[in-house]
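Please read the structure below before turning to the comments.
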Amino acid sequence: IGVLARSFKQMQDDIHRQMEALQESRQELEHMARHDVLTGLPNRRAFQDSLEHTLARAQRSGEHFAILFIDVDNFKGINDKFGHEGGDAVLKIVALRLVATTRKADAIARLGGDEFVVLLDNPTHREDVVQIAEKLLESVRSPILHRGTALQVGFSIGISMFPYDERTATELMARADSAMYEA
């Protein structure tokens with residue numbers, strides 16, 4: 001009976017460990033599905049969820065928000081000259097600088113390639129959004145060192161603001177994207 005009881009206890013412990021491992025794997029998969037592997041930032045899917053949530057809240061409360069659509073200037077040239085390793089290094093540093101320059105209340109995501117987006121939560125005035133965009137531009141002006149070479153990058157930023165520019169998430173993203181290409 002003692003051996004049987006110890007066997008049941010061992011089996012119960014094994015099942016418990018396997019359940020914990022399954023839970024960790026599930027959480028890791030959920031994180032991977034919603035975050036960019038290279039930068040660790042939320043991905044397009046996670047950003048769309050944040051945007052829809054922010055839009056619904058803003059429509060109920062009358063708050064404002066802004067979308068900053070960001071493209072790394074001359075990224076193709078960096079990739080061509082320094083390979084994907086150099087391009088990846090630039091994207092990681094850009095992501096770190098975006099996080100360091102924005103507030104915790106703001107959402108930052110990598111949409112893909114060299115495109116990032118920032119969702120500014122409830123800025124008071126359009127001038128505040130422009131100031132934040134200028135701070136973001138300034139954050140990437142200092143060179144990024146890669147293998148002893150100083151890489152100079154810049155941003156093109158397009159801005160759209162709710163409720164002034166558009167009313168839906170799709171329209172706001174399209175407006176910010178279009179403004180970025182104009183920049």
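Not measured: the values here are computed from a predicted model.
Side chain of Arg57 to backbone of Glu63: no donor-acceptor contact under 3.5 angstrom is found. Judged by distance alone, with hydrogens and angles left aside, the side-chain atoms of Glu115 form no donor-acceptor pair with the main-chain N or O of Ile70 at under 3.5 Å. In this structure a side-chain-to-backbone donor-acceptor pair under 3.5 Å is missing from Arg110 to Leu41. Counting only distance, with no hydrogens or angles, the side chain of Asn74 and the backbone of Gly154 share no donor-acceptor pair below 3.5 Å. Listed for the Asp49 side chain is no donor-acceptor partner under 3.5 Å among the backbone atoms of Ala46. Under the 3.5 Å distance criterion, the side-chain polar atoms of Asp36 are left unmatched by any main-chain donor or acceptor of Pro42.
Side-chain contact between Leu136 and Thr102: present, with at least one pair of heavy atoms (C-beta onward) separated by less than 4.5 Å.
Considering Leu119, Asp106, Leu120 as possible partners of Phe65, the one that fulfils the side-chain contact (heavy atoms from CB on, under 4.5 Å) test is Leu119. Among the candidates His16, Gln12, Gln10, the single residue satisfying the side chain to side chain donor-acceptor pair (under 3.5 Å) test with Asp14 is Gln10.
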- Residue pair Phe75, Val94: steps toward the side-chain contact (heavy atoms from CB on, under 4.5 Å) verdict: CA-CA 11 Å; Phe75 184 73; Val94 165; over 6 Å; no
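His146 and Phe82 have perpendicular rings, their planes meeting at more than 60° on a 0 to 90° scale where under 30° would count as parallel.
Looking at every heavy atom in both residues, Ile78 comes nearest to Val153 through CD1-CG1, 3.2 Å.
In the hydrophobic cluster analysis, where Ile, Leu, Val, Met, Phe, Trp and Tyr join through side-chain heavy atoms closer than 4.5 angstrom, Ile144 is grouped together with Val99.
The pair Arg17-Glu20 does not meet the salt-bridge criterion, since no charged nitrogen lies less than 4.0 angstrom from a carboxylate oxygen.
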